[in-house]
K.L.:
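This structure is in C-alpha cells; I'll ask about it shortly.
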Amino acid sequence: MDRKKISILFSLFMIAVFSYLIFEASGFQDLARYFPYTIAIGALILAVIDLILQLKDYRKKSEDGEVDQLPIKSFIYIGWIIGYMLLIVSFGFISATIIFLGSFLWLETKFKLWKILISIGIVIGLLYVISTFMNIQWPTGWLF
Amino acid sequence: MLEAALDALFIVLDPSRVVFIFIGILVGVTIGFLPGLGGPVGMSLLLPFIFGMDPYSGIALLMGMVAVIHTADTFPAVLLGVPGSSGSQATIMDGYPLAQRGEASRALGAAFFSSIIGGIIGAVIMFFAIPIGRPIVLMFGSPELFMLSVLGLSMVGILAGNSAIKGLLAGATGMLLGTVGGAPATAEYRFTFEWIYLFNGIPLTVLALGLFALPEMIDLLTQKRSIASSSKLEGSRLQGIKDAIKHKWLIFRSSLIGSFVGFIPGLGGSVVDWISYGVAKQTSKNNENFGKGDIRGVIAPESANNAKEGGTLIPTILFGIPGSGTTAILLGGLILLGVSSGPSMLTSDLDVTLTIVWTLALASVFGAIVCLLVAKHVAKISLISADKLVPFLLIIMMVGAYQSTRHWGDFLIFILIGIIGWFMKHLDWPRAPLLVGFVLATSAERYLHLSMSRYGFEWLSRPMVLVIGVITILIIVSGTHMKRRSNRMAGGGDHG
Amino acid sequence: MGKLSKMLGVGLAVLLFTFLAACNEEGNGGNANSSNGDSFYDGDDVEVIVPFSAGGGTDSLIRFLSNYFQEYTEGAPSFQVQNIEGGGSINGANEYVDLRDADGYSLLATSASTKIPFLIGQEEVRYDLRELQPVLGTPNGVVLYTSPDTGITEGAEIKDADQELTLGATSPTGIDVMTLLAIEVLDIRDDIQIIFGYEGAGASRVAFEQGETNLDYQSGTAFQSDVTPLVEEGSAVPLFSYGFTDESGDIIRDPAFPDIPTVKEVYEDMYGEEPSGEAWDAYRAFVGVVNNLHKSVWIHEDAPQEAIDALGEAATELVQDEDFQSEGAEVLGNYDPLVGEELEGAIDSLTSIEEETLEWVRNYLKEEYDVTGLVE
C-alpha cells in the first residue's frame, strides 16, 4: 500500500475527528467548552496545513516511480488481535485465550501439536496462579 | 532530628522488618515486570497481610513494594518498548532502540544503577525536606501549578523531533483525549458518547499500552524477527554501569528534578520522567542521538523516576494528598496501620515518617540490585523470535489492560489506540507528545480555570509564575540554540 | 537461550507465589469458626463488590471489616473483595443490582460518592438505595471552617465577613452537594464565591492553607487529623458541623465535635426560628444517608432472611470485639459503626425519603448550578 496515500487518508481521518470534536464541543457549557474547543480548532488548522504540505509533496515526488509501501501483512496481524478481542468478549477470557493461542501457534508459528498443548497448559496454569493470588480478574464466559 | 533518624534506622534494620522489605521488593519486582500492572494490584496482594502488623513492619512491606515497582517496570520499557506503569514512560524513547541494537543489558545496567543513585538522592532530599516540606508545598497555588503544566507541555515541542507540525498535532490529540470524561470546572461529561466507561476518562495504562506496545508487536510479527536485530547480545550490565558513572552529573541533576517535581501535589508523578528526559535532551551536547538509543536518554528518566518516589511522599504524608497513583494506595495502607497523614507526621509520628524514608532508601537500593542481578537473563527476551514471543505478550497485555477498570472497554480502547498508534508509527507522527499531552491536559485545564476564577489576570504577575515561565522559555530556546550549534558542528546546517 | 530465560522467569514466579500462598494460608487459617452445618453460610464464599480501586479508603475499610465478618458470621464464610471501578463508583453499584442475584452471596460496599449520584438522580444510576438493606454503616461528619482573616468567629457572622468568602469545591454533582444545600438553607449563596474544579478535598484544603480560598470543609476524620492542628495554631476557625440525623430525622450535633454547633443552630442564631422548607428537607435527607451511613455495606433487600440475619448478628458482635475497637480507631475516626437498632433508624430515614424531595434537589441543581445529565 502506498505510504503517501495512506498518510493523506490518515490526515483526512484526523481532520474529520477534529471537526467532529469541535462540533460536539460547541454544545457544551462555557466552562467545559473553552479548553477542548480551543485545542481542537488549533489542531484542525495544523492538520489542514499538514495536509496541504503533504499534497504538494505528493505531486512533487510521485514522478520518481519509487513508491514507499506500508507492509500489508501487518493488517493480518491487526486482524488476529481484533479477533482475539472479539473471542474474549463472546466466550470469556480463558476460552478465548485457548482458542487464540492454539490457532496462532498452529497457523503462524507452525508449532507441533505437543508444543502447542504444553504452551497452552503453561499459560493457563500461570493465569490460574496469578488470578488466585493477585486479585487479577478477567471477563468470564459460559465455560470458565 | 539526626538522633531520631538513627533510631528509625535501627527500627528498620530489625531482622524481621528487613524480611518484610524483601517480600515487598519481590512482589514489587514481579508486578513492575508485568506490563500494565501497577500499585493497586500490589496493594490488593499485600493488604490482607498488613492487618494487625505493627506500623513499622507494615511500612517495610508496603514501601518495599512501592519503591521498586518503578524500578522493575524498566524491564518492559527497555525490552519491549512498553511503558510498564506510569513511571518508565520516557525510558522507552532510548531504552528500546538500545535493546533493538542488542544492547539491552547495557541499557538495563545503566537504568538500574541510575535508579539506585536516584532512589538514594530522593530519600536524602526527602529527609532534609521534611521539616520545610509544608511551606514548600504551600508555595504552589493554582497559578504555579498551571505554569508547571505548561512547562511539561513544552516537552511536546522537544519530543516532536523533526516533524514539528505532526508533533504538535500529536500533542493536541493527546490533550483532546485527556479531556474525555468529566470536565474539571463544571458538571459536564465530555466526549463520552453516553458510555459510562468513559466517564472517568481513558485510563493512562490502557492508552500507553495501546500506543506503544501494540504497534511494536504488530511490526515484530510482520518482520518475523526478534526485538534485537542481532542474534547475539552486545554490551554488558557493567558497561551500562560505567556509562551511568560517566554521566554522574546527569544522574544528580535528573534526581533533583525528579524529587522537586514529585514534591508538587496535583501535577502527578507521571510527567516527571518526561520533564527530566526533555531537560536532559535540551541541555546535553551532541543530542542528535536522543530517541535513537542514547544511553543518556535512559539514565535521565530512570534516576528521576526513582528520586520522585521520595518527593511524592512529602505531599502524601504531610497533607494527605497523594502525588501519584501509588502514593494514593500508600495512604490507604497507612490508615490501616493506624497512622494518619497530616501535620502530626512531623511531631508525634516523626519516627514513622523517618521509617518511611529509610525503608524507601533501602528498598530502592536492594530492589535495583535484585533487578540488576536478573537483568542478564531477562535481557535474552530480546532474542526470542516474534512468532514465539508475541502471542504470549499479547495475552499478558490483555490481562494488564483489563486491570485498569475491569470493563470490556479496556480491551476496545487498547486495540483502537493500538491501531491508531500503528498508523502514527508508520506515518511519522511522534507518539511521545501524545502521551505528554494526555497526561497534562486535565491539570492544565483545571489550574487555568482555578487561576482565572480566583485571581482574574492578576495571577500572571506572581513571582513564582514568572520564574517558571522564564525557565520554560529557556528550555525551549536552549534546545533550538543547541540544535543549531550541533548542526553547524556536524556541518549539516542546511535547514538552519 | 530463550527457553532458559523463560524457565527462569516461570521458576521465579512460581517460587514467589508458593511463598505468598503459604502466607495466605497462615493468615486465614486461624479464625475458622465452628460450623455446625445448619448455618446459612457454611464456609462459602461471599463476594463484596467495592466500586473503587484497591487500596482506596473504602477498599481498605472493607478489607479491614471482612476479616472480622468472617470471624463472627455463623458458618465462617470467606469474604472476597471484588473491585469494580469506573463511572465514579456508579459502575460497580449498577453491576451489583443488575447482575448479582439476591441470594445472599454478594454484598455491595458504598461511600458517599456512590450515594450522591443516586440522591441527585444522575441518569446512569440504576440502583435505588431504598431497595437495598444496609448491614453495617460507618458514620462520618463534615465540618465547615474559615480563615481568621475573614474576621468571622462563629457561624452566625458569616454574612458579615471582612473579605469576600471563597469556597474551594470539586463539582456540583459530588459530595459538595451537601454543602450547596447547607448554603441554600442558610441563605448565604450571595455571600460566597464557590470555585469548582479542585481535585478533591485534600486539594481544596491545601488551597485554603495557601490563602487561595478562605472557606473550606472537610470530613470529620480529615478535620481531626489535618484541620485541628490549624485551629490550635489559630489559622482556622470552625464555623459549623453538618450534624447527624437522629431517629426522628432531626439534626443533632456531631458526636466527634460536641462543641461545634450544627447548621440548624446557626440558622436559629441567624433567623431566630427553626429552619424549614424544601431545602431543609433535602438537607436532612442527605445528612441521613451521607453522614450517618458514610461508608456502608449493603445486601439485596430481597436476599434470604437467614443471610440478612446472619450478617446483621455478625455486625453487632464484631463491633464489640476488642481487637476491632483498638485497630479500628484510626480507620473509623471517633465514630462508632452503626449496627442493630441504630442502623434500623438509619434505614427508616433512608426509606422515608420522598420522591418530591429528590425531584426538588434535581431541579435545584439544574437551575442553580447548570448540572446536566440528571433524570427528568
Side-chain angles (χ1 to χ4, degrees), chain B residues 23 26-27 30 39-41 43-45 47-49 51-52 137-138 140-142 182 184-189 196-197 199-200 265-266 315 319-322 328-330 332-333 335-344 374 377-378 380-381 383-384 388-389 405-407 446 449-450 453-454, chain C residues 1-2 4-5 8-9 12-13 16 19-20 23-24 27-28 53-57 59-60 63-64 67 81 83-88 90-91 94 124 166 171-173 195-200 202-203 205-207 209-210 212-213 221-222 225-226 229 323 327 329-331 369-373:
Chain B
I23 297 175
L26 278 184
V27 173
T30 317
V41 172
M43 191 66 186
S44 57
L45 182 63
L47 268 179
F49 303 108
F51 293 109
V137 169
L138 290 179
F140 290 88
S142 303
T186 178
E188 177 141 7
Y189 290 104
I196 196 168
Y197 171 75
F199 276 30
N200 283 10
F319 290 90
I321 43 177
I329 291 150
L330 184 69
I335 292 173
L336 286 181
L337 290 168
V339 178
S340 66
S341 56
S344 65
V374 295
H377 302 286
V378 179
K380 286 174 184 152
I381 288 181
L383 297 177
I384 303 174
K388 296 192 187 79
L389 178 69
T405 55
R406 292 175 179 165
H407 186 284
R446 179 192 308 281
H449 160 71
L450 290 176
S453 42
R454 173 64 180 84
Chain C
M1 268 181 297
L4 180 77
S5 67
L8 208 98
L12 261 176
L16 179 70
F19 176 75
L20 286 167
C23 292
N24 211 356
N28 293 337
S53 64
D59 182 73
S60 306
R63 285 169 196 267
F64 170 72
N67 287 349
V81 171
N83 303 92
I84 303 175
E85 297 156 51
I90 297 176
N91 260 356
N94 275 349
E124 296 73 24
T166 333
S171 146
T173 53
I195 301 180
F196 290 104
Y198 285 97
E199 207 171 347
R205 191 181 63 243
V206 170
E209 287 190 52
Q210 284 164 339
E212 200 164 292
T213 61
T221 41
S225 62
D226 292 290
D323 286 345
E327 283 181 32
E330 198 72 41
V331 183
Y369 293 94
D370 301 324
V371 174
T372 56

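Chain letters run A, B, ... following the sequence lines, proteins first, then strands; residues in each count from 1.
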K.L.:
Mark yes or no for whether C/Gln210, through its side chain, and B/Phe140, through its backbone, hold a donor-acceptor pair below 3.5 Å.
P.N.:
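Side chain of C/Gln210 to backbone of B/Phe140, a donor-acceptor pair under 3.5 Å: yes, one is there.
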K.L.:
Relative to chain B, which segment of C/Thr166 carries a heavy atom at a distance below 4.5 Å: side chain, backbone, both, or neither?
P.N.:
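The side chain, not the backbone.
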K.L.:
For C/Asp323, which atoms come within 4.5 Å of any heavy atom of chain B: side chain, backbone, both, or neither?
P.N.:
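Neither the backbone nor the side chain of C/Asp323 comes within 4.5 Å of chain B.
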K.L.:
Check each atom of C/Ala207 against the heavy atoms of chain B and say whether the ones under 4.5 Å are side chain, backbone, both or neither.
P.N.:
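Nothing of C/Ala207, per the 4.5 Å heavy-atom cut-off to chain B.
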K.L.:
Side chain, backbone, both or neither: which part of B/Ser344 has a heavy atom under 4.5 Å from chain C?
P.N.:
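Contact with chain C involves no heavy atom of B/Ser344 at all.
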K.L.:
Between C/Ser225, C/Gly373, C/Ser171, who has the most heavy-atom pairs with chain B when the cutoff is under 4.5 Å?
P.N.:
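Ranked by heavy-atom pairs under 4.5 Å with chain B, first place is C/Ser225.
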K.L.:
Check the pair C/Asp226, B/Phe319 against side chain to side chain contact (heavy atoms under 4.5 Å, CB included), reporting the backbone distance first and the verdict last.
P.N.:
CA-CA 7 Å; C/Asp226 292 290; B/Phe319 290 90; 5.7 Å; no
K.L.:
Using a cut-off of under 4.5 Å on heavy-atom pairs, state which of C/Asp370, C/Thr173, C/Ile195, C/Val371 scores highest against chain B.
P.N.:
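Most heavy-atom pairs within the cutoff with chain B belong to C/Ile195.
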K.L.:
Taking it one step at a time, do C/Asn94 and B/Ile196 satisfy side chain to side chain contact (heavy atoms under 4.5 Å, CB included)?
P.N.:
CA-CA 11 Å; C/Asn94 275 349; B/Ile196 196 168; 4.2 Å; yes
K.L.:
What option among C/Pro172, C/Gly200, C/Gly197 has the most heavy-atom pairs under 4.5 Å with chain B?
P.N.:
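Greatest number of close heavy-atom pairs with chain B: C/Gly197.
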